[in-house]
Amino acid sequence: MPKLTIGLVLPDVLGTYGDDGNALVLRERARRRGIEVAVERILLDDDVPSTCDLYTLGGGEDSAQLIAAARLSASPGLQAAAADGAPIFAVCAGLQVLGHTFRAHGNEVEGVGLLDVTTAPLERRATGELVSEPTRAGVTAELSQPLTGFENHMGATALGPDASALGRVTRGVGNGGNERVDGVVQGSVIATYMHGPALARNPQLADLLIARALDIPLADLEPLELDVVTQLRQERLR
């Protein structure tokens with residue numbers, strides 16, 4: 001039986017918007033396929049291990065971002081895992097913290113540097129439904145279904161040359177700017193401004209992360225159809 005360990009990174013800091021649920025969605029979708037799964041909660045006082053098969057990070061306010069950036073820089077297990085190709089899924093503040101710089105309490109702050117992005121403030125808060133069509137960039141080339149979530153942020157994220165967008169926005173704000181895109185794909189990292197939790201609303205994206213953790217193509221993962229998820233997506237994509 002395959003085994004997976006999901007690292008839930010700093011849920012006591014980056015847990016404001018219920019993004020912990022992404023790890024639970026991954027666990028449940030894996031378990032329903034007969035995969036043995038453990039979720040390892042990596043708290044602020046813990047060293048970040050480099051040995052998990054898959055990692056998730058959530059959202060938080062300015063103070064939470066400052067704490068998370070300092071901790072992840074001091075305990076660079078996540079960076080080591082990324083270098084080894086472990087999939088990492090980051091949402092909102094998690095996205096910003098993994099970039100080069102972001103703004104918190106009016107100051108520019110150095111991030112972890114896993115993503116070639118910088119984040120400045122939006123002129124006004126982006127709040128509401130966010131829908132995008134997946135790009136063909138990097139690991140998202142296997143995605144075919146629209147992506148949906150709820151955004152609530154003040155970040156305008158600019159992509160550098162090494163980063164690609166996760167999706168092209170058809171509703172909402174996403175990263176901001178004239179490009180009308182959401183999220184980032186770079187190396188083994190997939191990041192987005194979608195809350196929801198995002199993986200509950202985007203089962204194909206969840207399965208892509210599981211497939212990457214198992215080092216198999218998405219097409220080789222056993223299909224899993226859940227009527228309640230289909231109904232949720234139909235409601236959110238109207």
Side-chain angles (χ1 to χ4, degrees), residues 1-15 19-31 35-60 64-102 109-117 119 137-140 160 162-164 166 183-192 197-199 205-218 221:
M1 177 186 294
K3 295 183 180 180
L4 288 179
T5 301
I6 300 169
L8 176 55
V9 181
L10 303 182
D12 48 346
V13 177
L14 299 176
D19 299 307
D20 296 14
N22 288 316
L24 303 182
V25 171
L26 290 167
R27 182 181 69 184
E28 182 61 19
R29 294 189 70 84
R31 282 181 173 176
I35 300 168
E36 185 177 334
V37 186
V39 174
E40 182 173 347
R41 291 172 59 86
I42 304 162
L43 303 179
L44 184 59
D45 291 334
D46 299 330
D47 289 330
V48 180
S50 62
T51 53
C52 295
D53 301 296
L54 171 60
Y55 296 82
T56 67
L57 296 85
Q65 288 180 256
L66 289 170
I67 294 168
R71 185 59 188 145
L72 293 175
S73 296
S75 179
L78 190 68
Q79 295 89 310
D84 287 340
I88 298 170
F89 183 64
V91 177
C92 199
L95 180 163
Q96 296 179 18
V97 164
L98 294 187
H100 293 306
T101 61
F102 60 92
V109 180
E110 186 173 346
V112 175
L114 278 181
L115 297 175
D116 186 18
V117 304
T119 302
V139 297
T140 60
D162 291 333
S164 301
L166 172 62
V184 189
V185 178
Q186 185 175 340
S188 65
V189 182
I190 298 177
T192 179
L199 298 183
L205 179 56
D207 287 349
L208 176 63
L209 291 164
I210 294 170
R212 294 290 174 179
L214 294 172
D215 196 24
I216 62 173
L218 176 59
L221 195 65

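Remember, it's a predicted structure, so these values are computed and weren't measured experimentally.
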key: Listed partners of Arg31 passing side chain to side chain contact (heavy atoms under 4.5 Å, CB included), at least two apart   = Arg27, Val37

inquiry  = Can you tell me which residue among Leu8, Leu10, Leu72, Asp19 is in a side-chain contact (heavy atoms from CB on, under 4.5 Å) with Leu57?
reply    = Leu72

ask   = Partners of Ile67 by side chain to side chain contact (heavy atoms under 4.5 Å, CB included), sequence neighbours excluded?
value = Val13, Leu44

key: Residues forming a side chain to side chain contact (heavy atoms under 4.5 Å, CB included) with Ala163, sequence neighbours excluded   = Asp116, Val117, Leu159, Val184, Gln186

key: Nearest non-hydrogen partners of Ala90 and Leu98, listed with the distance   = CB-CD1, 3.8 Å

ask   = With sequence neighbours left out, what residues match Glu28 under side-chain hydrogen bond (donor to acceptor under 3.5 Å, both in side chains)?
value = Arg32

task = Please list, chain by chain and in numerical order, all residues satisfying side-chain hydrogen bond (donor to acceptor under 3.5 Å, both in side chains) with Asn22, sequence neighbours excluded.
result = none

query = Between CG of Leu4 and CG of Leu26, what distance do you get to the nearest 0.5 Å?
reply = 9.0 Å

message = I'd like to check the side-chain hydrogen bond (donor to acceptor under 3.5 Å, both in side chains) partners of Gln65; sequence neighbours left out, ordered by chain and number.
response = Gln96

request  = Provide the closest heavy-atom pair for Ala82 versus Ile88 in the form atom of the first, atom of the second, distance.
outcome  = CB-CD1, 3.7 Å

note = Between Ile35 and Leu214 the two heavy atoms that sit nearest each other are CD1-CD1, 3.7 Å

query = Can you list every pair that meets side chain to side chain donor-acceptor pair (under 3.5 Å) and has a residue in residues 67-95, with sequence neighbours left out?
reply = Asp47-Arg71

key: side chain to side chain donor-acceptor pair (under 3.5 Å) pairs, two or more places apart, involving residues 48-59   = none

message = Minimum heavy-atom separation for Phe102 and Gly111, please, with both atom names.
response = CE2-CA, 4.1 Å

ask   = Tell me, do Arg41 and Asp20 make a side-chain contact under 4.5 Å, heavy atoms counted?
value = yes

request  = Check whether any side-chain heavy atom of Leu78 lies under 4.5 Å from a side-chain heavy atom of Val112, and answer yes or no.
outcome  = no

inquiry  = Let me confirm one number: the CG-CG distance from Leu218 to Leu205, rounded to the nearest 0.5 Å.
reply    = 10.0 Å

request  = Mind checking side-chain hydrogen bond (donor to acceptor under 3.5 Å, both in side chains) for Asp207 and listing every partner two or more places apart, or none if nothing turns up?
outcome  = Arg29, Arg33

remark   = Rounding to 0.5 Å, atoms CG (Leu95) and CD1 (Ile190) come to a distance of 12.0 Å

Inter-residue atom distance Leu166.CG - Phe89.CZ, 0.5 Å rounding = 7.5 Å

key: Closest non-hydrogen atom pair, Gly59 against Cys92   = CA-CB, 4.4 Å

query = Within a strict 4.5 Å, meaning less than it, do heavy atoms of the Pro11 and Leu43 side chains meet?
reply = yes

ask   = So which heavy atom on Leu14 is nearest to which on Ala64, and how close?
value = CD2-O, 4.3 Å

